[in-house]
Protein chains: 2
Amino acid sequence: MYKPPTEPETLARQRDADRTRAALLVAARTLFSTRGFANTGVRDVADLAGVNSSLVGRYFGSKQGLFRAALDSVLDISPVLRGDRHRFCADMVSALCNTPDARGPLAMMILSAADPEAHATSVELLQTKVLTPLAEWLGPPDGAWRAAQLHILWSGFLTSWRLLPIQALDDTRIASARRWLEAATQAIVDEGAP
Amino acid sequence: MYKPPTEPETLARQRDADRTRAALLVAARTLFSTRGFANTGVRDVADLAGVNSSLVGRYFGSKQGLFRAALDSVLDISPVLRGDRHRFCADMVSALCNTPDARGPLAMMILSAADPEAHATSVELLQTKVLTPLAEWLGPPDGAWRAAQLHILWSGFLTSWRLLPIQALDDTRIASARRWLEAATQAIVDEGAP
DNA sequence: GGGGCTTGTACACAACTGTTTACTTACGAC
DNA sequence: GTCGTAAGTAAACAGTTGTGTACAAGCCCC
(Lines give C-alpha, C1' and ligand atoms only; values in the text may rest on other atoms or scores of the structure.)
Protein backbone atom coordinates (compact mmCIF):
# COMPACT_ATOMS: atom_id res chain seq x y z
CA MET A 1 0.00 0.00 0.00
CA TYR A 2 1.30 3.43 -0.86
CA LYS A 3 2.25 5.70 1.96
CA PRO A 4 3.19 9.32 1.36
CA PRO A 5 6.68 10.19 2.56
CA THR A 6 5.44 12.86 4.94
CA GLU A 7 1.84 13.09 6.13
CA PRO A 8 0.53 16.05 4.17
CA GLU A 9 -2.63 17.25 5.84
CA THR A 10 -2.00 16.25 9.43
CA LEU A 11 0.96 18.55 9.67
CA ALA A 12 2.00 18.55 13.26
CA ARG A 13 -0.21 20.78 15.40
CA GLN A 14 1.66 23.56 17.06
CA ARG A 15 2.25 22.83 20.70
CA ASP A 16 0.70 25.47 22.89
CA ALA A 17 -0.53 24.48 26.31
CA ASP A 18 -2.38 27.73 26.97
CA ARG A 19 -4.24 27.55 23.70
CA THR A 20 -5.16 23.95 24.34
CA ARG A 21 -6.40 24.70 27.82
CA ALA A 22 -8.48 27.59 26.54
CA ALA A 23 -9.95 25.50 23.74
CA LEU A 24 -10.95 22.84 26.25
CA LEU A 25 -12.63 25.45 28.43
CA VAL A 26 -14.64 26.87 25.54
CA ALA A 27 -15.75 23.41 24.46
CA ALA A 28 -16.59 22.49 28.04
CA ARG A 29 -18.70 25.60 28.53
CA THR A 30 -20.55 24.92 25.31
CA LEU A 31 -21.32 21.28 26.00
CA PHE A 32 -21.91 21.47 29.75
CA SER A 33 -24.37 24.33 29.30
CA THR A 34 -26.17 22.49 26.50
CA ARG A 35 -26.23 18.86 27.56
CA GLY A 36 -25.29 19.09 31.22
CA PHE A 37 -22.55 17.33 33.09
CA ALA A 38 -23.73 13.73 32.88
CA ASN A 39 -24.55 13.78 29.17
CA THR A 40 -21.22 15.25 28.19
CA GLY A 41 -18.26 12.92 27.84
CA VAL A 42 -14.67 14.01 28.08
CA ARG A 43 -14.21 12.67 24.57
CA ASP A 44 -16.97 14.96 23.34
CA VAL A 45 -15.28 17.98 24.89
CA ALA A 46 -11.88 17.00 23.55
CA ASP A 47 -13.23 16.35 20.06
CA LEU A 48 -14.98 19.72 19.96
CA ALA A 49 -11.78 21.37 21.13
CA GLY A 50 -9.80 19.41 18.56
CA VAL A 51 -7.43 17.86 21.08
CA ASN A 52 -6.79 14.48 22.61
CA SER A 53 -9.15 13.43 25.37
CA SER A 54 -6.44 12.49 27.82
CA LEU A 55 -5.39 16.13 27.99
CA VAL A 56 -8.45 16.78 30.11
CA GLY A 57 -6.85 14.69 32.80
CA ARG A 58 -3.52 16.34 32.37
CA TYR A 59 -4.69 19.94 32.53
CA PHE A 60 -7.69 19.76 34.83
CA GLY A 61 -7.14 16.60 36.82
CA SER A 62 -10.53 15.14 36.09
CA LYS A 63 -13.86 15.80 34.43
CA GLN A 64 -14.99 17.43 37.65
CA GLY A 65 -11.96 19.69 37.60
CA LEU A 66 -12.79 20.69 34.06
CA PHE A 67 -16.33 21.52 35.12
CA ARG A 68 -15.16 23.69 37.97
CA ALA A 69 -12.65 25.51 35.81
CA ALA A 70 -15.18 26.03 33.04
CA LEU A 71 -17.82 27.35 35.42
CA ASP A 72 -15.38 29.53 37.29
CA SER A 73 -14.11 31.02 34.04
CA VAL A 74 -17.52 32.30 33.04
CA LEU A 75 -19.31 33.02 36.31
CA ASP A 76 -18.50 36.66 36.79
CA ILE A 77 -20.96 39.51 37.15
CA SER A 78 -18.48 42.13 38.27
CA PRO A 79 -18.43 43.85 34.86
CA VAL A 80 -22.16 44.48 35.16
CA LEU A 81 -21.85 45.59 38.79
CA ARG A 82 -19.10 48.03 37.86
CA GLY A 83 -21.17 49.58 35.09
CA ASP A 84 -23.60 52.48 35.22
CA ARG A 85 -26.17 52.01 37.94
CA HIS A 86 -28.88 53.16 35.56
CA ARG A 87 -27.94 50.48 33.08
CA PHE A 88 -27.90 47.60 35.57
CA CYS A 89 -31.18 46.00 34.57
CA ALA A 90 -30.59 46.26 30.84
CA ASP A 91 -27.03 44.99 31.17
CA MET A 92 -28.05 42.13 33.37
CA VAL A 93 -30.88 40.94 31.15
CA SER A 94 -28.60 41.26 28.18
CA ALA A 95 -25.87 39.24 29.87
CA LEU A 96 -28.44 36.64 30.80
CA CYS A 97 -29.84 36.26 27.30
CA ASN A 98 -26.86 36.89 25.04
CA THR A 99 -24.57 34.24 26.43
CA PRO A 100 -21.24 33.81 24.68
CA ASP A 101 -20.73 30.04 24.80
CA ALA A 102 -23.96 28.21 24.16
CA ARG A 103 -26.36 28.83 27.02
CA GLY A 104 -24.37 30.46 29.77
CA PRO A 105 -23.42 29.67 33.35
CA LEU A 106 -26.91 29.47 34.80
CA ALA A 107 -27.96 26.79 32.33
CA MET A 108 -24.68 25.03 32.94
CA MET A 109 -25.33 24.86 36.66
CA ILE A 110 -28.96 23.84 36.47
CA LEU A 111 -28.43 21.16 33.83
CA SER A 112 -25.56 19.75 35.88
CA ALA A 113 -27.36 19.89 39.22
CA ALA A 114 -28.17 16.19 39.04
CA ASP A 115 -24.54 15.24 39.61
CA PRO A 116 -23.58 15.48 43.30
CA GLU A 117 -20.09 16.86 42.86
CA ALA A 118 -20.92 19.28 40.07
CA HIS A 119 -23.87 20.38 42.18
CA ALA A 120 -21.63 21.19 45.13
CA THR A 121 -19.31 23.16 42.88
CA SER A 122 -22.21 25.15 41.45
CA VAL A 123 -23.73 25.95 44.83
CA GLU A 124 -20.42 27.18 46.12
CA LEU A 125 -19.45 29.31 43.14
CA LEU A 126 -22.95 30.71 42.70
CA GLN A 127 -23.00 31.98 46.24
CA THR A 128 -19.49 33.41 46.34
CA LYS A 129 -19.25 34.82 42.83
CA VAL A 130 -22.79 36.01 42.21
CA LEU A 131 -25.15 36.25 45.14
CA THR A 132 -22.79 37.71 47.71
CA PRO A 133 -21.41 40.44 45.42
CA LEU A 134 -24.91 41.16 44.18
CA ALA A 135 -26.25 41.48 47.72
CA GLU A 136 -23.47 43.90 48.56
CA TRP A 137 -24.14 45.92 45.44
CA LEU A 138 -27.86 46.17 46.24
CA GLY A 139 -27.05 47.25 49.79
CA PRO A 140 -29.48 47.77 52.64
CA PRO A 141 -32.23 47.25 53.29
CA ASP A 142 -32.42 43.51 52.67
CA GLY A 143 -29.71 43.30 50.06
CA ALA A 144 -29.36 39.55 50.48
CA TRP A 145 -33.06 38.92 50.16
CA ARG A 146 -33.44 41.15 47.13
CA ALA A 147 -30.47 39.40 45.53
CA ALA A 148 -32.27 36.13 46.14
CA GLN A 149 -35.43 37.50 44.57
CA LEU A 150 -33.47 38.51 41.50
CA HIS A 151 -31.92 35.09 41.25
CA ILE A 152 -35.30 33.42 41.54
CA LEU A 153 -36.65 35.63 38.80
CA TRP A 154 -33.71 35.10 36.47
CA SER A 155 -33.41 31.36 36.95
CA GLY A 156 -37.14 30.95 36.45
CA PHE A 157 -37.03 32.98 33.28
CA LEU A 158 -34.05 31.14 31.89
CA THR A 159 -35.48 27.75 32.77
CA SER A 160 -38.77 28.54 31.10
CA TRP A 161 -37.11 30.04 28.07
CA ARG A 162 -34.32 27.67 27.19
CA LEU A 163 -34.21 24.66 29.49
CA LEU A 164 -37.87 23.68 29.57
CA PRO A 165 -39.21 26.04 26.92
CA ILE A 166 -42.81 27.14 27.20
CA GLN A 167 -44.91 28.52 24.36
CA ALA A 168 -45.31 31.94 25.96
CA LEU A 169 -41.56 32.51 25.59
CA ASP A 170 -41.10 31.32 22.00
CA ASP A 171 -39.31 33.33 19.35
CA THR A 172 -42.33 35.44 18.45
CA ARG A 173 -42.92 36.58 22.02
CA ILE A 174 -39.45 36.68 23.52
CA ALA A 175 -38.89 40.38 22.80
CA SER A 176 -41.78 41.58 24.92
CA ALA A 177 -40.98 38.98 27.53
CA ARG A 178 -37.50 40.42 27.83
CA ARG A 179 -38.98 43.85 28.41
CA TRP A 180 -41.17 42.36 31.12
CA LEU A 181 -38.11 40.71 32.68
CA GLU A 182 -36.27 44.00 32.69
CA ALA A 183 -39.18 45.77 34.34
CA ALA A 184 -39.54 43.05 36.95
CA THR A 185 -35.82 43.25 37.66
CA GLN A 186 -36.06 47.01 38.05
CA ALA A 187 -38.93 46.65 40.49
CA ILE A 188 -36.89 44.43 42.77
CA VAL A 189 -33.88 46.71 42.59
CA ASP A 190 -36.05 49.72 43.40
CA GLU A 191 -37.62 48.06 46.41
CA GLY A 192 -34.71 49.36 48.41
CA ALA A 193 -35.14 53.01 47.48
CA PRO A 194 -38.80 53.86 46.93
CA MET B 1 -23.36 -28.38 51.99
CA TYR B 2 -26.74 -28.28 53.59
CA LYS B 3 -29.54 -26.91 51.57
CA PRO B 4 -32.95 -26.34 53.14
CA PRO B 5 -35.71 -28.23 51.38
CA THR B 6 -37.64 -25.08 50.57
CA GLU B 7 -36.08 -21.61 50.50
CA PRO B 8 -37.30 -20.07 53.73
CA GLU B 9 -36.87 -16.31 53.50
CA THR B 10 -37.15 -15.76 49.76
CA LEU B 11 -40.61 -17.14 49.71
CA ALA B 12 -41.98 -16.55 46.29
CA ARG B 13 -43.11 -12.97 45.85
CA GLN B 14 -46.75 -12.72 45.03
CA ARG B 15 -47.27 -12.06 41.37
CA ASP B 16 -49.10 -8.82 40.84
CA ALA B 17 -48.34 -6.89 37.68
CA ASP B 18 -50.25 -3.79 38.77
CA ARG B 19 -48.45 -3.61 42.07
CA THR B 20 -45.11 -4.08 40.36
CA ARG B 21 -45.85 -1.38 37.83
CA ALA B 22 -46.93 1.00 40.57
CA ALA B 23 -43.80 0.27 42.63
CA LEU B 24 -41.65 1.00 39.61
CA LEU B 25 -43.45 4.29 39.06
CA VAL B 26 -42.96 5.39 42.65
CA ALA B 27 -39.28 4.50 42.55
CA ALA B 28 -38.87 6.22 39.20
CA ARG B 29 -40.48 9.42 40.44
CA THR B 30 -38.27 9.41 43.50
CA LEU B 31 -35.01 8.86 41.67
CA PHE B 32 -35.70 10.88 38.53
CA SER B 33 -36.72 13.88 40.60
CA THR B 34 -33.65 13.56 42.81
CA ARG B 35 -30.84 12.56 40.47
CA GLY B 36 -32.33 13.31 37.08
CA PHE B 37 -32.69 11.05 34.10
CA ALA B 38 -29.05 10.49 33.19
CA ASN B 39 -27.85 9.76 36.69
CA THR B 40 -30.54 7.21 37.36
CA GLY B 41 -30.03 3.66 36.09
CA VAL B 42 -32.82 1.21 35.46
CA ARG B 43 -31.15 -1.07 37.97
CA ASP B 44 -31.38 1.66 40.61
CA VAL B 45 -35.10 2.08 39.99
CA ALA B 46 -35.72 -1.65 40.01
CA ASP B 47 -33.72 -2.15 43.19
CA LEU B 48 -35.59 0.62 44.97
CA ALA B 49 -38.87 -0.89 43.82
CA GLY B 50 -37.68 -4.33 44.88
CA VAL B 51 -38.18 -5.94 41.49
CA ASN B 52 -36.03 -7.25 38.69
CA SER B 53 -34.57 -4.65 36.38
CA SER B 54 -35.69 -6.29 33.18
CA LEU B 55 -39.29 -5.64 34.16
CA VAL B 56 -38.74 -2.01 33.26
CA GLY B 57 -38.38 -3.11 29.66
CA ARG B 58 -41.37 -5.37 29.86
CA TYR B 59 -43.81 -2.89 31.38
CA PHE B 60 -42.62 0.41 29.98
CA GLY B 61 -40.69 -0.56 26.86
CA SER B 62 -37.58 1.37 27.78
CA LYS B 63 -36.10 3.75 30.29
CA GLN B 64 -37.61 6.60 28.29
CA GLY B 65 -41.02 4.96 28.49
CA LEU B 66 -40.64 4.69 32.23
CA PHE B 67 -39.78 8.36 32.44
CA ARG B 68 -42.84 9.37 30.46
CA ALA B 69 -45.13 7.17 32.50
CA ALA B 70 -43.66 8.40 35.76
CA LEU B 71 -43.95 12.04 34.76
CA ASP B 72 -47.43 11.62 33.38
CA SER B 73 -48.56 9.90 36.55
CA VAL B 74 -47.68 12.85 38.74
CA LEU B 75 -48.13 15.91 36.53
CA ASP B 76 -51.67 16.86 37.33
CA ILE B 77 -52.86 20.17 38.69
CA SER B 78 -56.56 19.61 38.14
CA PRO B 79 -57.22 18.92 41.85
CA VAL B 80 -55.92 22.39 42.69
CA LEU B 81 -57.84 23.99 39.84
CA ARG B 82 -61.05 22.32 40.95
CA GLY B 83 -60.65 23.56 44.52
CA ASP B 84 -61.82 26.80 46.08
CA ARG B 85 -60.75 29.81 44.09
CA HIS B 86 -59.76 31.57 47.30
CA ARG B 87 -57.46 28.75 48.23
CA PHE B 88 -55.68 28.54 44.90
CA CYS B 89 -52.45 30.22 45.94
CA ALA B 90 -52.10 28.38 49.23
CA ASP B 91 -52.92 25.05 47.62
CA MET B 92 -50.54 25.63 44.76
CA VAL B 93 -47.60 26.62 46.93
CA SER B 94 -48.35 23.70 49.18
CA ALA B 95 -48.45 21.29 46.25
CA LEU B 96 -45.20 22.74 45.00
CA CYS B 97 -43.37 22.39 48.29
CA ASN B 98 -44.89 19.29 49.88
CA THR B 99 -44.19 16.90 47.04
CA PRO B 100 -45.14 13.27 47.69
CA ASP B 101 -42.31 11.40 45.96
CA ALA B 102 -39.00 13.10 46.62
CA ARG B 103 -38.92 16.45 44.82
CA GLY B 104 -41.93 16.52 42.56
CA PRO B 105 -42.56 16.80 38.84
CA LEU B 106 -40.94 20.18 38.27
CA ALA B 107 -37.62 19.02 39.69
CA MET B 108 -37.97 15.84 37.69
CA MET B 109 -38.34 17.77 34.45
CA ILE B 110 -35.61 20.30 35.08
CA LEU B 111 -33.05 17.75 36.27
CA SER B 112 -33.81 15.61 33.23
CA ALA B 113 -33.78 18.45 30.72
CA ALA B 114 -30.25 17.55 29.64
CA ASP B 115 -31.43 14.40 27.92
CA PRO B 116 -32.96 15.15 24.50
CA GLU B 117 -35.78 12.63 24.61
CA ALA B 118 -36.74 13.19 28.24
CA HIS B 119 -36.63 16.91 27.46
CA ALA B 120 -39.11 16.52 24.62
CA THR B 121 -41.41 14.51 26.84
CA SER B 122 -41.27 17.15 29.56
CA VAL B 123 -41.94 20.06 27.21
CA GLU B 124 -44.94 18.31 25.77
CA LEU B 125 -46.51 17.18 29.04
CA LEU B 126 -45.81 20.47 30.80
CA GLN B 127 -47.67 22.41 28.15
CA THR B 128 -50.65 20.11 27.80
CA LYS B 129 -51.12 19.09 31.42
CA VAL B 130 -50.18 22.26 33.27
CA LEU B 131 -49.86 25.47 31.30
CA THR B 132 -52.86 25.10 29.03
CA PRO B 133 -55.29 24.15 31.82
CA LEU B 134 -53.83 26.86 34.02
CA ALA B 135 -54.23 29.48 31.30
CA GLU B 136 -57.86 28.47 30.85
CA TRP B 137 -58.48 28.62 34.57
CA LEU B 138 -56.98 32.10 34.82
CA GLY B 139 -59.09 33.25 31.89
CA PRO B 140 -58.96 36.60 30.12
CA PRO B 141 -57.27 38.91 30.00
CA ASP B 142 -53.92 37.35 29.13
CA GLY B 143 -54.54 33.98 30.72
CA ALA B 144 -51.69 32.37 28.81
CA TRP B 145 -49.21 35.06 29.72
CA ARG B 146 -50.17 35.09 33.37
CA ALA B 147 -49.86 31.30 33.43
CA ALA B 148 -46.36 31.72 32.03
CA GLN B 149 -45.52 34.27 34.70
CA LEU B 150 -46.67 31.85 37.39
CA HIS B 151 -44.56 29.09 35.89
CA ILE B 152 -41.51 31.34 35.77
CA LEU B 153 -42.02 32.28 39.40
CA TRP B 154 -42.54 28.72 40.57
CA SER B 155 -39.72 27.16 38.62
CA GLY B 156 -37.36 29.91 39.77
CA PHE B 157 -38.36 29.37 43.36
CA LEU B 158 -38.04 25.62 43.18
CA THR B 159 -34.70 25.82 41.41
CA SER B 160 -33.29 28.20 43.98
CA TRP B 161 -34.69 26.24 46.87
CA ARG B 162 -33.92 22.63 46.09
CA LEU B 163 -32.02 22.25 42.84
CA LEU B 164 -29.37 24.91 43.22
CA PRO B 165 -30.02 25.94 46.81
CA ILE B 166 -29.16 29.45 47.85
CA GLN B 167 -28.58 30.66 51.39
CA ALA B 168 -31.58 32.96 51.38
CA LEU B 169 -33.87 29.93 51.07
CA ASP B 170 -32.31 27.67 53.68
CA ASP B 171 -34.27 25.96 56.43
CA THR B 172 -34.27 28.94 58.76
CA ARG B 173 -35.74 31.30 56.17
CA ILE B 174 -37.94 29.05 54.08
CA ALA B 175 -41.12 29.77 56.00
CA SER B 176 -41.15 33.48 55.27
CA ALA B 177 -40.00 32.79 51.73
CA ARG B 178 -43.04 30.60 51.23
CA ARG B 179 -45.26 33.42 52.39
CA TRP B 180 -43.55 35.69 49.91
CA LEU B 181 -44.08 33.11 47.17
CA GLU B 182 -47.76 32.90 48.02
CA ALA B 183 -48.13 36.67 47.90
CA ALA B 184 -46.29 36.90 44.60
CA THR B 185 -48.52 34.18 43.19
CA GLN B 186 -51.60 36.02 44.38
CA ALA B 187 -50.40 39.22 42.72
CA ILE B 188 -50.11 37.53 39.34
CA VAL B 189 -53.51 35.87 39.70
CA ASP B 190 -55.09 39.19 40.66
CA GLU B 191 -53.60 41.01 37.69
CA GLY B 192 -56.64 39.88 35.73
CA ALA B 193 -59.23 41.40 38.08
CA PRO B 194 -57.87 44.54 39.69
C1' DG C 1 -54.90 -31.82 38.07
C1' DG C 2 -52.84 -30.11 33.99
C1' DG C 3 -52.00 -27.07 29.93
C1' DG C 4 -51.13 -22.14 28.80
C1' DC C 5 -50.44 -17.60 29.57
C1' DT C 6 -48.46 -14.34 32.72
C1' DT C 7 -45.01 -12.85 36.01
C1' DG C 8 -40.48 -12.88 37.56
C1' DT C 9 -35.40 -14.02 37.41
C1' DA C 10 -30.67 -14.51 35.77
C1' DC C 11 -27.49 -13.58 32.56
C1' DA C 12 -25.21 -12.22 28.32
C1' DC C 13 -24.23 -8.61 25.20
C1' DA C 14 -22.26 -4.64 23.07
C1' DA C 15 -21.49 0.10 23.68
C1' DC C 16 -19.71 3.62 26.32
C1' DT C 17 -17.66 5.79 30.51
C1' DG C 18 -13.48 8.33 33.10
C1' DT C 19 -8.99 7.51 34.02
C1' DT C 20 -4.25 5.88 33.57
C1' DT C 21 -0.22 4.23 31.29
C1' DA C 22 3.26 3.84 27.84
C1' DC C 23 4.85 5.94 24.01
C1' DT C 24 6.06 9.44 20.28
C1' DT C 25 7.17 13.97 18.95
C1' DA C 26 8.18 18.88 18.99
C1' DC C 27 10.43 22.77 21.08
C1' DG C 28 13.98 25.46 23.58
C1' DA C 29 18.33 25.82 26.17
C1' DC C 30 22.93 24.81 25.98
C1' DG D 1 23.59 19.43 17.00
C1' DT D 2 21.67 17.22 20.99
C1' DC D 3 19.57 16.44 25.00
C1' DG D 4 15.83 17.07 28.37
C1' DT D 5 11.51 18.38 29.21
C1' DA D 6 6.94 19.62 27.97
C1' DA D 7 2.99 18.53 24.76
C1' DG D 8 0.39 15.42 22.44
C1' DT D 9 -1.22 10.69 21.10
C1' DA D 10 -2.97 5.98 21.23
C1' DA D 11 -4.51 2.30 23.63
C1' DA D 12 -5.89 -0.37 27.46
C1' DC D 13 -8.26 -0.64 31.74
C1' DA D 14 -12.18 -1.77 34.70
C1' DG D 15 -16.68 -0.37 35.57
C1' DT D 16 -21.29 0.76 34.23
C1' DT D 17 -24.98 1.36 31.10
C1' DG D 18 -29.60 -0.03 28.50
C1' DT D 19 -31.46 -3.72 26.33
C1' DG D 20 -32.54 -8.44 24.82
C1' DT D 21 -32.89 -13.33 25.47
C1' DA D 22 -33.47 -17.78 27.64
C1' DC D 23 -35.30 -19.97 31.36
C1' DA D 24 -38.06 -20.94 35.88
C1' DA D 25 -42.30 -20.66 38.20
C1' DG D 26 -46.87 -19.16 39.71
C1' DC D 27 -51.78 -18.47 38.64
C1' DC D 28 -56.19 -19.30 36.38
C1' DC D 29 -59.42 -21.66 33.52
C1' DC D 30 -60.77 -25.82 31.66
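All of these numbers come straight from a predicted model, not from anything done at the bench. Just so we're on the same page: letters track the sequence lines, and every chain starts at 1.
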When you compare the side chains of B:Asp44 and B:Thr40, does any donor N or O come within less than 3.5 Å of an acceptor on the partner? no

Over how many whole Å does the gap from [X] atom [atom1] to [N] atom [atom2] extend?
{"X": "B:Arg58", "N": "C:dT6", "atom1": "CZ", "atom2": "C1'", "result": "8 Å"}
{"X": "A:Asp47", "N": "D:dG8", "atom1": "CG", "atom2": "P", "result": "15 Å"}
{"X": "B:Phe67", "N": "D:dT17", "atom1": "CZ", "atom2": "P", "result": "18 Å"}
{"X": "A:Leu66", "N": "C:dT17", "atom1": "CG", "atom2": "P", "result": "15 Å"}
{"X": "A:Arg43", "N": "D:dG8", "atom1": "CZ", "atom2": "C1'", "result": "16 Å"}
{"X": "B:Leu55", "N": "C:dT9", "atom1": "CG", "atom2": "C1'", "result": "8 Å"}
{"X": "B:Arg21", "N": "C:dT6", "atom1": "CZ", "atom2": "P", "result": "12 Å"}
{"X": "B:Arg15", "N": "D:dC28", "atom1": "CZ", "atom2": "C1'", "result": "11 Å"}

Counting side-chain heavy atoms from C-beta on, which of [options] comes nearest to [X]?
{"X": "A:Asn52", "options": "D:dA10, C:dT19, C:dA26", "result": "D:dA10"}
{"X": "A:Val42", "options": "D:dA7, C:dG18, D:dG26", "result": "C:dG18"}
{"X": "B:Lys63", "options": "C:dA10, D:dT9, D:dG18", "result": "D:dG18"}

A:Asp72: partners by salt bridge (Lys or Arg N to Asp or Glu O under 4.0 Å), with sequence neighbours left out: A:Lys129

In terms of hydrophobic clustering (I, L, V, M, F, W, Y; side-chain heavy atoms under 4.5 Å; direct or indirect links), are B:Val74 and B:Leu111 co-clustered?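 Unlinked, B:Val74 and B:Leu111 end up in two clusters.
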
When we call it a touch if two heavy atoms are under 4.0 Å apart, what does A:Ser54 touch: a base, just sugar-phosphate, or nothing?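 The answer is base, as A:Ser54 lies within the cut-off (heavy atoms under 4.0 Å) of a base atom.
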
Heavy atoms only, 4.0 Å cut-off, all strands: where does A:Gly57 land among base, sugar-phosphate and nothing?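 Contact class for A:Gly57: none.
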
Would you say the side-chain atoms of A:Ser112 pair up with the backbone N or O of A:Met109, donor to acceptor, closer than 3.5 Å? no

